[in-house]
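Here is the structure we will look at, set down as structure tokens.
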Number of protein chains: 2
Amino acid sequence: MNRPTIKDVAREANVSIATVSRILNKGVGYSEKTKQHVLETIEKMGYHPNAVARGLINKKTDSIGVLFPNVSGLISAQILQGIEEVAQSHGISVIVCNTASDHKKTMDYLTFLQEKQVDGLLFISQLLTKDYREFIKKMGVPIITISAFSETNDVPYVKVDDEAASYDAVRYLIEKGHTDIGMISGPPTDPLAGHPRIQGYKRALREADLPFIETKMTWHKGFYFEDGQVAFQKLLKSHPSITALFAASDELAISAVSSAYHLGIRVPHQLSVIGYDDTKLAKMSIPPLTTVSQPFEEMGAQATKKLIDSIQSREPNTSLTMPHRIAERESVKNRMAAPNGHV
Amino acid sequence: MNRPTIKDVAREANVSIATVSRILNKGVGYSEKTKQHVLETIEKMGYHPNAVARGLINKKTDSIGVLFPNVSGLISAQILQGIEEVAQSHGISVIVCNTASDHKKTMDYLTFLQEKQVDGLLFISQLLTKDYREFIKKMGVPIITISAFSETNDVPYVKVDDEAASYDAVRYLIEKGHTDIGMISGPPTDPLAGHPRIQGYKRALREADLPFIETKMTWHKGFYFEDGQVAFQKLLKSHPSITALFAASDELAISAVSSAYHLGIRVPHQLSVIGYDDTKLAKMSIPPLTTVSQPFEEMGAQATKKLIDSIQSREPNTSLTMPHRIAERESVKNRMAAPNGHV
DNA sequence: TTGAAAGCGTTACCAG
DNA sequence: CTGGTAACGCTTTCAA
């Protein structure tokens with residue numbers, strides 16, 4: 001025997017399906033008596049409405065698509081956690097999509113999500129290019145980016161101010177008495193986490209009348225541990241004198257700490273390092289990593305709230321710049337401290 | 001103007017909707033000529049089939065639900081990556097659900113997924129209790145657990161053999177010449193990652209004629225970094241003599257390494273530690289962590305393949321025990337080595 | 001307060 | 001090879 005439908009309930013309760021539907025969805029249009037009776041039979045039969053049929057007629061599936069460039073990372077996972085939580089509390093299902101930063105894959109997924117009739121889209125840590133935007137416009141569903149923005153500048157985002165956050169990180173180093181500061185960056189061409197962070201680094205230097213030296217900023221492909229290894233080597237070779245290092249991600253930072261350890265360079269005594277992201281990693285590092293903290297989970301939650309708002313109100317949304325802060329731990333030495341002051 | 005439907009395409013192409021449908025889904029029932037023509041108008045109009053309507057009539061939504069006790073962890077993220085990849089390649093959408101290991105939340109989600117008419121379920125790192133099983137049976141969709149199993153013993157799983165893996169880990173320590181080996185475990189009452197790993201530890205000790213001493217195995221709530229801190233303190237207080245430590249997770253292991261560092265105990269010189277999981281963390285630790293490697297991504301992928309098989313064949317599935325291995329890095333000292341042999 | 005029936009976009013059966 | 005039509009499970013007019 002198949003799962004009962006609204007029809008079965010109606011027959012069993014001796015009412016019409018219209019009445020059952022009203023009881024389930026509307027506040028009016030039936031007597032208290034029939035309501036009780038119908039609710040009882042529903043309970044008895046173990047009836048559950050079919051969301052697919054509902055979606056067809058309502059033109060609303062109560063589902064959203066979330067596109068990540070990579071789902072297995074710490075950051076994605078934390079953002080997803082925030083998304084899932086508020087979606088869940090609104091009875092909305094979240095469909096995860098891994099684009100691998102690939103154009104074709106992203107397009108395919110967009111098409112897929114269109115066919116699935118999702119009510120909205122969340123676009124994470126990936127530049128929303130013109131053609132993606134074009135396609136999404138045709139889909140006619142609201143979209144918000146997280147830790148990203150659109151080339152077309154007409155889609156709301158939820159992110160921290162990367163330039164300002166980087167500035168603050170380097171500023172922090174300077175305030176601790178450092179004047180010879182290197183940076184391990186991501187690709188300068190990366191408009192999301194590359195370029196702006198470099199800009200922040202430069203500005204902090206400039207405002208403190210410290211010279212910006214091209215080769216004191218190195219990078220290698222991405223923001224991962226392995227990238228850090230090679231970038232750090234490069235940096236150290238040309239500038240062994242640096243006393244502090246700003247890394248554009250926690251993985252990059254930890255990679256530097258690890259390399260330093262193997263080279264016998266003590267952190268923070270000989271080299272201070274500050275990271276970026278404040279993933280779980282930061283706390284677990286030896287020494288615990290001082291880093292720029294981004295509220296990833298909260299970002300996921302806020303963006304999802306906004307998206308759901310947009311879906312319900314059919315109004316466009318506004319962007320939101322999230323606050324960042326320096327999570328002070330033990331990887332930065334205070335050179336201003338009294339000579340006997342450790343750390 | 002709304003998105004075109006199959007009806008619009010039919011009208012525009014001067015054929016019936018049946019013909020359009022056939023062209024889209026069947027290999028036969030139309031001439032090459034009309035096929036070309038219809039395909040062209042589809043292209044021209046930018047038509048995309050509505051998966052919701054399809055789902056309604058086919059009683060198949062091409063979507064699966066994935067239940068995690070926690071989505072923000074490294075392990076979940078890696079498993080999810082594997083799931084997403086094979087689902088994607090089969091045109092199936094994955095709906096993520098965070099149960100927070102909570103009974104009510106899990107039940108709510110199960111109900112939700114039932115209404116959404118998902119075609120199958122993946123249950124991750126969480127004991128599938130009798131009542132969950134009951135409910136899922138009523139749903140009538142296939143289910144597979146990953147890194148977990150069912151109380152009722154009638155649902156296929158994909159997991160490593162935890163007892164054997166733990167045994168191997170401790171055995172590895174013993175082979176490196178260690179005889180005084182402590183363990184930081186998860187809760188012994190945890191049937192998934194607690195109990196079996198403890199059993200493996202005990203068996204390895206027993207087979208090597210080493211005594212099992214109750215207090216040489218400590219734990220504190222869970223498998224996270226913070227848990228490790230307190231468990232390690234406890235262990236060290238009663239057994240400062242241990243030369244090696246088996247931790248039931250990488251976070252636990254790294255926590256111990258970190259605590260040891262702060263106490264001036266050098267790893268691996270004074271204390272060897274072996275972890276469990278081989279998450280990204282392991283490589284980033286100082287020193288890089290030797291650990292039991294679980295192929296999480298592969299586990300997610302295999303389970304999803306099996307699930308999709310079950311969905312298509314409507315046949316029950318079989319369990320799969322995945323291979324584990326010791327990922328040798330630098331946190332274990334070889335006490336058998338020549339006296340001048342480092343590490 | 002209630003029921004009949006149209007319709008959401010699709011597939012599949014049955015005629016022709 | 002092609003078209004008409006019932007059906008999937010539900011919501012929503014419109015009448016009664």
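Residue numbering restarts at 1 for every chain, and letters A, B, ... go by the order of the sequence lines.
- B:Y157 is linked by a ring pair (Phe, Tyr, Trp, His ring centres under 6.0 Å) to nothing, counting only residues two or more places apart in sequence or in another chain.
- Here A:K60 pairs with A:D62 under the salt bridge (Lys or Arg N to Asp or Glu O under 4.0 Å) rule; sequence neighbours left out.
- Side chains of B:K116 and A:T61: no donor on one and acceptor on the other come within 3.5 Å.
- A:S76 places no side-chain N or O within donor-acceptor distance of the main-chain N or O of A:S72, the cut-off being under 3.5 Å.
- Side-chain N/O atoms of B:Q36 and B:E32 include a donor and acceptor closer than 3.5 Å.
- What separates CG of A:D8 from P of D:dC8 is a distance of 10 Å, to the nearest Å.
- At whole-Å resolution of the value, CG in B:N14 and P in D:dG4 are 12 Å apart.
- What you find for B:N98 and B:P69 is that their closest heavy atoms are OD1-O, 3.5 Å.
- When side chains are defined from C-beta on, B:P295 does not count as touching B:Q302, because their heavy atoms never get closer than 4.5 Å.
- Proximity of residues 37-57 of chain A to DNA chain C (heavy atom under 4.0 angstrom from any strand atom) is restricted to A:L56, A:I57.
- Contacts with DNA chain C (heavy atom under 4.0 Å) in residues 18-34 of chain A: A:A18, A:T19, A:R22, A:G29, A:Y30, A:S31, A:T34, listed by number.
- Sorted by first and then second residue, the salt bridge (charged side-chain N to carboxylate O under 4.0 Å, His left out) pairs with a member in residues 84-104 of chain A read A:K104-A:D108; sequence neighbours excluded.
- Taking each heavy atom of A:S310 and A:P142 in turn, the nearest pair found is CB-CB, 3.8 Å.
- Computed from C1' positions of five pairs at each end, the angle between the two local axes of the helix from C:dT1-D:dA16 to C:dG16-D:dC1 equals 40°, rounded to 10 degrees.
- In this structure, A:T145 has no side chain to side chain donor-acceptor pair (under 3.5 Å) partners at least two apart in sequence or on a different chain.
- Boundaries of the chain A contact region on DNA chain C are C:dT1 to C:dG9, first to last in 5' to 3' order (nucleotide atom under 4.0 Å from a heavy atom).
- Within residues 111-119 of chain A, no residue places a heavy atom under 4.0 Å from DNA chain D.
- Under the 30°/60° scheme for interplanar angles, the aromatic rings of B:H103 and B:Y132 are found to lie parallel.
- Residues satisfying the salt bridge (Lys or Arg N to Asp or Glu O under 4.0 Å) test with B:K44, not counting sequence neighbours, are B:E12.
- With sequence neighbours excluded, the residues forming a ring pair (Phe, Tyr, Trp, His ring centres under 6.0 Å) with B:Y109 are B:F112, listed by chain and number.
- The CG atom of B:N58 sits 14 Å away from the C1' atom of D:dG9 (whole-angstrom rounding).
- Rounded to an integer number of Å, the gap from B:I6 CD1 to D:dG4 P is 14 Å.
- The shortest side-chain heavy-atom distance between B:Q126 and B:T106 falls under the 4.5 Å cut-off.
- Under the rule for a salt bridge (Lys or Arg N to Asp or Glu O under 4.0 Å), B:E151 has no partner lying at least two apart in sequence or in another chain.
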